[in-house]
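Reading through the structure tokens given below for one structure.
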Number of protein chains: 2
Amino acid sequence: MTATIKDVARVAQVSIKTVSRVINNEPHVTEDMRTRVQDAIDQLGYAPNISARRLVQQRSYMLCILLHTSGFYQSALINKVLEVGYEYDYDILIQTYFPSQTRSKNKLSGLINERRIDGLITTPPCDTDELVLELVKKSRIPLVQISPYSPSPEVPSIAGDDRQGAFQMTNHLIELGHRAIAFLKGPRNHRTSQERLAGFHDALNLAQMVIDPQLELDSEFNFEGGYTAAKIAMSTQKPPTAIFGGNDEAAFGAIYALQEMGYSVPQQVSVCGFDDVLNSKNVWPGLTTVHHPVDEIADRALSMLVALLKGEAWDHEEKVIPSRLVIRGSTAQAIQPGQ
Amino acid sequence: MTATIKDVARVAQVSIKTVSRVINNEPHVTEDMRTRVQDAIDQLGYAPNISARRLVQQRSYMLCILLHTSGFYQSALINKVLEVGYEYDYDILIQTYFPSQTRSKNKLSGLINERRIDGLITTPPCDTDELVLELVKKSRIPLVQISPYSPSPEVPSIAGDDRQGAFQMTNHLIELGHRAIAFLKGPRNHRTSQERLAGFHDALNLAQMVIDPQLELDSEFNFEGGYTAAKIAMSTQKPPTAIFGGNDEAAFGAIYALQEMGYSVPQQVSVCGFDDVLNSKNVWPGLTTVHHPVDEIADRALSMLVALLKGEAWDHEEKVIPSRLVIRGSTAQAIQPGQ
DNA sequence: TTGTATGCGTTATCAG
DNA sequence: CTGATAACGCATACAA
């Protein structure tokens, strides 16, 4: 039988309330009492039963972060969450959510309705899912959104600056002399897709280059999407001299497709991505990309949620963290016509 | 105010016990009663308070999987765990554990001592950590080990067949004509390191090749380890014609080092890895590797733990799942001397 | 087949 | 500064 608060109280010859005070570092306890209780705790190897605490306090001390797909970006996010997770008094539940699967929906409903979690963090595209929104609304648990599709002043959110990042990257390509740049678009229900495309346009406009719809290919934020789109792009009349992947994984797909077709990267075709996932620097010659501040996003999302749970106020402004250009070996001077 | 079991009982005009029976699908309830209760539940939007249930049942309905590092292999494991996680009635807590950090130790102690988890899964090298072992022993919670350092008949464990996989891979290299094969060793406290080295030796012995300690380099299961070791290997008098990375990440490090030194892979030097992580097939020309059955391992570890929690018996034999050779583009015929 | 009463281990109120 | 006692919401002997 494991020791309870009553056992401690008995051994220390005090009331359970006093023990409770010591456990929770409450004031109004003499030093004498405190040590007496502490000795009893040590002697009995007592640890509070968290379920009882949760019941009486009406909270679970659990947070949940909702993920849809499982790519490198998500893994990076998970790693950071795990890393900073034990800084908080909450356990962090990482949960995948697939709207198409009934089991997945039931799991999430249970999680929220049975009050197993105190707060929720969504990642794209979970913030656009109706069930998620409905459950959060009904249960009134605090929500923090990461890169939401449509940021609302009513919901705290945090995102990287995708538009500015794509703008910088496109400028980089233009400076290298590229005039035919293919852009691999991401999924429609991600705001990042739109923002990155917008940044791409910003740079083209600034350089007074024409926006050629033919060079904007439908893709996905994964290897297969980039692979397929790159093959299509290179099969046109006037193939691009550079390919801007919607994210790193799509860029890797593009690189693979190019190598398979016999093009050398970056000598013949430059490729760049977006996100700066872990392996971007580990794959020769290194992927030129935009560093997406996933670490800071994870960190701040978590601390915002915890602050919200403490009842702290927030300023109703979306936090946007700057992105940063990372130039590696996959981009180079464009081949000049006739060269 | 959210509805409780009492509210349901009042609305349905029955006792709370009857409601309880309906919730938990217990027998001895007439169909009439059951529908009446169900109607009340629906009407009130009632969901049981999990904390109360946990308190009275003395269990948390939470499992924990303990991870040390955060590489691609771990990410693959996490992804699989998340994928199959909602098949069970347990929430799955993914927790990193760094023995050197006090906060990390406290987190784990709390998790176990406060009975926040019902069962634990360890991954290397957490199974060798004293605190982990001690906490598990004291609390008597069920434990399942993944690829433990020293499998014990008292603790259920599951692993991939590293020795056989390394044996097959080495044979593959030998068949390609390689006679000077460098092997990048993994960390000492992983059994996988030893097993893979043993399989390497098995194949050398079978081919009656000498075991050259110079060709067995200390490395780590990560990019930097492989990178550094490969640079050292290629700087010797008689550089190897093939490099067998201890795992895929080390192999990627080796490939990067080789490219940086001007060697082409696989034309001049063959490289292979172990694990078959996600990006192994996505990096041109594809990494030849051994497929480590991480999906099956995660799946079975979880189901074993749940079975244990149900009080089911197990046969006290370590489960070893075969590995499988995956030949891609990073290995090729050895360059013959004088060629 | 259904209901009553008790306890799980904590926190919190309020009186001493 | 300290302590008795009442919740918290559910499950479960045991009784009807």
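Residue numbers start from 1 in every chain, and the chains themselves are labelled A, B, ... in the order their sequence lines are given, proteins ahead of strands. We use all heavy atoms of the structure for the numbers below, so side chains are in, but hydrogens, waters and symmetry mates are not.
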Starting from [atom2] on [N], measure out to [atom1] on [X] and report it in whole angstrom.
{"X": "B:Arg36", "N": "C:dT1", "atom1": "CZ", "atom2": "P", "answer": "16 Å"}
{"X": "B:Gln57", "N": "C:dT6", "atom1": "CD", "atom2": "C1'", "answer": "16 Å"}
{"X": "B:Lys6", "N": "C:dG3", "atom1": "NZ", "atom2": "P", "answer": "16 Å"}
{"X": "A:Lys17", "N": "C:dG16", "atom1": "NZ", "atom2": "P", "answer": "18 Å"}
{"X": "A:Met33", "N": "D:dT2", "atom1": "CE", "atom2": "C1'", "answer": "7 Å"}
{"X": "A:Asn113", "N": "D:dG9", "atom1": "CG", "atom2": "C1'", "answer": "16 Å"}

Verify the contact: side-chain N or O of [X] to OP1 or OP2 of [N], cut-off strictly under 4.0 Å; return yes or no.
{"X": "B:Thr4", "N": "D:dC8", "result": "no"}
{"X": "A:Thr18", "N": "D:dG3", "result": "yes"}
{"X": "B:Tyr46", "N": "D:dC10", "result": "yes"}
{"X": "A:Asn24", "N": "C:dT11", "result": "yes"}
{"X": "B:Gln58", "N": "D:dA11", "result": "no"}
{"X": "A:Ser20", "N": "C:dT11", "result": "yes"}

**Request:** May I ask you to say what A:Arg21 touches in the nucleic acid, namely base, sugar-phosphate or nothing, with a heavy-atom cut-off under 4.0 Å?
**Result:** base
**Request:** Give B:Ile16 one of three labels, base, sugar-phosphate or nothing, depending on what nucleic acid heavy atoms sit under 4.0 Å from its own.
**Result:** base
**Item:** Distance-only donor-acceptor check, side chains A:Asn189 and A:Thr128, under 3.5 Å
**Value:** no
**Message:** We want to know whether B:Arg59 and A:Ser51 form a side-chain donor-acceptor pair, criterion being a heavy-atom distance below 3.5 angstrom.
**Reply:** no
**Request:** Name the residue closer to the 5' end of DNA chain C, choosing between B:Val56 and B:His28 according to the nucleotide with the nearest heavy atom.
**Result:** B:His28
**Distance flag, aromatic centroids of A:Tyr149 and A:His190, threshold under 6.0 Å** = no
**Prompt:** Given the side-chain rings of B:His68 and B:Tyr97, with only the six-membered ring counted for Trp, is the space between their centroids under 6.0 Å?
**Reply:** no
**Asked** Any donor and acceptor pair, going by atom type alone, linking the side chain of B:Glu114 with main-chain N or O of B:Leu111 inside 3.5 Å?
**Response** no
